[in-house]
There are 2 protein chains.
Amino acid sequence: MTGFIIQNPTLEQCLKAVKMGIGARRLLIMLGELRVDYFGRGSSELDYGERLLIVKGDGSLLIHRPTNVEPVNWQPPGSLYRAYVKRGLLVLEAYRKRPEERVRVTFRRVSLVGVYHLKDGAEFKLYTAEEVMKKAFIKRPDLVEKGLRVVMEEKRLKAGLVDCFCVDSSNRPVVVEFKKDRAGIEAVDQLSRYVDELRRGNPEVRGILVAPSITKEALERVRSLNLEYRRLDVRRCIKVLESMEEPIKPLEYFES
Amino acid sequence: MTGFIIQNPTLEQCLKAVKMGIGARRLLIMLGELRVDYFGRGSSELDYGERLLIVKGDGSLLIHRPTNVEPVNWQPPGSLYRAYVKRGLLVLEAYRKRPEERVRVTFRRVSLVGVYHLKDGAEFKLYTAEEVMKKAFIKRPDLVEKGLRVVMEEKRLKAGLVDCFCVDSSNRPVVVEFKKDRAGIEAVDQLSRYVDELRRGNPEVRGILVAPSITKEALERVRSLNLEYRRLDVRRCIKVLESMEEPIKPLEYFES
DNA sequence: GCCTAGGTCCCGTAC
DNA sequence: GTACGGGGCCTAGGC
């Protein structure tokens, strides 16, 4: 990791560092008192306060307040930058063409500016809960219903992408939709769209929503739309997969 | 803004700074070579690489790679921390009770550690496109249909929160749902849920989806569900509001 | 480019 | 706490 940091930089030092850092596609970090104006898909304003600003090599911009995970303002990758000094203030503008939007950051004071070159080639592996459920279901469809057989692990319809297309023990087609969290109304509607499309060709088509739990309203809707709900939670699925000797790595790590 | 920063700290300096910073609910910034293991709602692993780590005073954790707006790993506000040295490595763990999840960050090298106290009491003002549309519609319902009258700006149903409840020139009830962006299938289903509930009491109820555009599938669904779609884009609404002498602030700013 | 769906979504708000 | 919807959501994957 190469880079430098300047504490309480002069305006000129700061401008130079910013231009250099962004121009060379480095990571730029700034701490200071700044205000933010945004206009694009929406618009926002935020008066002066002490915040952390980050510009990444891909053109991403992040402005963080002292609380919350989410940045208060940001700009997605690919943004273009302009920096200048005006009336003793350092201004940094980020611009994006499509959709057209811009963020203007005005610094009243800069306490810290840093420019670093990060090397990070590692692969990020994410194991999502839905993935785990689906994997377990494919190995053991009886987790949802005895006699169920998986026909297609994914099926593309006009209405969208079906999680799992199956047939039951009576050869009736079954659409299975997984939700890792408590299923809400939108989940029911999503399943309903798939089943609707298929029922036009075959009114016998069943739809099963599989989730660890379901909201009261969603359950009512499941019934009124002639769909079904089956309880299945992720922990159970993990156990099933483990028992089939395909342990999930991060679990092992945290067991040690 | 008070704080300090240490470049290439020793392990001991680093541990001390981390404990002090988090304990005092300050902003902690670290640059270094680290790996991340997460287990909770999902699970993930990420081998060593050079990254930026942030811990905020409210317990939020962010780990950023050199690209993308989104952190590769994070932990929401309210998380609890533990830091220690093990076999020459600095380990920082963030733990959350509900839902139960933990992030473990292992540093192989630390290039920078900083602890700062930020003061930021400013109010963030966001003007969303949907807000603008609704405001314009309330002042000028004829933007959507001549003779429409707004009865309630919001109406809570079992099925959810209706954007705008109106009656048309024939006194038929009308549910109006706004979308700032191109309306998709979910938007139609959302409107449909509201209208369904109301049609049970009065089959004459109309539902109008108002958006700048609509996907092909969504338009088909609008028709098959006996709903309606009206085009209205945000720019038009802004003009209408401006002409009524209630300019939107951020526009003024960017015009200068 | 459009469209759909997922996300450890986060976040606010009402009940 | 639970439920629901919005977000400048972001990001990935198809087509």
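For the numbers below, each heavy atom of this structure counts, side chains included, while hydrogens, waters and symmetry mates do not. Chain naming here is simple, since letters A, B, ... match the order of the sequence lines and numbering starts at 1 in each.
With rounding to whole Å, B:Lys155 atom NZ is found 17 Å from C:dA14 atom P. Atom NZ in A:Lys158 sits about 17 Å away from atom C1' in D:dG14, given to the nearest Å. Counting to the nearest Å, the P atom of D:dG5 and the CG atom of B:Leu161 are 8 Å from each other. Counting to the nearest Å, the P atom of C:dT8 and the CD1 atom of B:Ile63 are 14 Å from each other. The interatomic distance linking A:Glu197 (CD) with C:dT4 (P) rounds to 12 Å, in whole Å. Computed from coordinates, the B:Glu220 CD to C:dC3 P distance equals 12 Å when rounded to whole Å. Rounded to an integer number of Å, the gap from B:Leu126 CG to C:dT13 C1' is 16 Å. At whole-Å resolution of the value, CH2 in A:Trp74 and C1' in D:dG8 are 5 Å apart.
Between D:dC4 and A:Thr215, a contact under 4.0 Å exists linking OP1 or OP2 to a side-chain N or O. Between A:Arg98 and C:dG1 there is a side-chain N or O to OP1 or OP2 distance below 4.0 Å. Look at B:Asn68 and you'll find a side-chain N or O under 4.0 angstrom from OP1 or OP2 of D:dT11. Between B:Gln190 and D:dG6, a side-chain N or O to OP1/OP2 separation shorter than 4.0 Å is present. Phosphate proximity of D:dC9 to A:Arg41: present, with a side-chain N or O under 4.0 Å from OP1 or OP2. Considering only side-chain N and O atoms, A:Arg221 lies nowhere under 4.0 angstrom from the phosphate OP1 or OP2 of D:dA3.
Between the side chain of A:Glu130 and the base of C:dG6, no donor-acceptor pair of N or O atoms lies under 3.5 Å. Remark: the B:Asn73 side chain and the C:dT8 base include a donor-acceptor N/O pair separated by less than 3.5 Å.
Between the side chain of B:Arg65 and the backbone N or O of A:Ala122, at least one donor-acceptor pair lies under 3.5 Å.
The minimum heavy-atom distance between A:Trp74 and A:Val103, with the atom names listed, is O-CG2, 3.5 Å.
In this structure, B:Ala183 reaches neither bases nor backbone, as no heavy-atom distance under 4.0 Å exists between it and the strands shown. Among the protein residues, A:Lys179 comes within range of the sugar-phosphate backbone only, with heavy atoms under 4.0 Å from sugar or phosphate atoms but none that close to a base. Looking at heavy-atom distances under 4.0 Å, A:Gly160 makes contact with sugar-phosphate atoms alone, never a base. Contact annotation for A:Asp181: backbone-only contact, meaning every heavy-atom pair under 4.0 Å involves sugar-phosphate atoms and none involves a base. Residue-level contact check: A:Glu70 touches the backbone only, with heavy atoms under 4.0 Å from sugar-phosphate atoms and none from bases. Among the protein residues, B:Pro76 comes within range of the sugar-phosphate backbone only, with heavy atoms under 4.0 Å from sugar or phosphate atoms but none that close to a base. Counting non-hydrogen atoms under 4.0 angstrom, A:Arg96 reaches nothing in the nucleic acid. Using a 4.0 Å heavy-atom distance criterion, B:Gly42 is classed as a sugar-phosphate-only contact. Counting non-hydrogen atoms under 4.0 angstrom, A:Tyr194 reaches the backbone sugars and phosphates but no base. At the heavy-atom level, B:Glu100 lies nowhere under 4.0 Å from the strands shown. At the heavy-atom level, A:Pro71 lies nowhere under 4.0 Å from the strands shown.
If B:Gly40 and B:Pro77 are placed on DNA chain C by their nearest nucleotide, the residue sitting closer to the 5' end is B:Gly40. Summary of the strand contacts: B:Thr67 and A:Arg156 both lie near DNA chain D, and taking for each the nucleotide with the nearest heavy atom, the more 5' one is attributed to B:Thr67.
Checking C:dA5, C:dC9, D:dC10 against the side-chain heavy atoms of A:Lys180 singles out C:dC9 as nearest. Nearest to the side chain of B:Arg182, among D:dG14, C:dC2, D:dT2, sits C:dC2. With distances taken from any side-chain atom of A:Ile185 to the nucleotides C:dG6, D:dC4, D:dG6, the minimum falls on D:dC4. The listed nucleotides are C:dA14, D:dG5, C:dC10; the one nearest the side chain of A:Val69 is C:dC10. Closest to the side chain of B:Glu177, out of D:dG6, D:dG1, C:dA14, is D:dG6.
Here the NZ-CG distance, from A:Lys139 to A:Leu241, works out to 7.0 Å after rounding to the nearest 0.5 Å.
Between the side chains of A:Tyr194 and A:Gln190, a donor-acceptor pair is found at a separation under 3.5 Å. B:Gln75 and B:Tyr95 share no side-chain donor-acceptor pair at under 3.5 Å. With no hydrogens or angles considered, no side-chain donor-acceptor pair links B:Ser60 and A:Asn68 at under 3.5 Å.
The residue from B:Val176, B:Leu198, B:Val150 that alone fulfils the side-chain contact (heavy atoms from CB on, under 4.5 Å) condition with B:Phe165 is B:Leu198.
Using atom P as the reference point in both D:dC4 and D:dG8, the two lie 23 Å apart (nearest Å). If you take atom P in C:dC11 and the same atom in D:dT11, they sit 16 Å apart, rounded to whole Å. Nucleotides C:dG7 and D:dG6, compared at atom C1', are 15 Å apart to the nearest Å.
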Let me see the working for B:Arg236 and B:Leu143 under side chain to side chain contact (heavy atoms under 4.5 Å, CB included), right down to the final yes or no.
CA-CA 9 Å; B:Arg236 178 92 186 281; B:Leu143 280 167; 3.7 Å; yes
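As the counterpart of C:dC3, D:dG13 is assigned, both hydrogen-bonding distances of the Watson-Crick or G-U wobble pattern falling under 3.5 Å.
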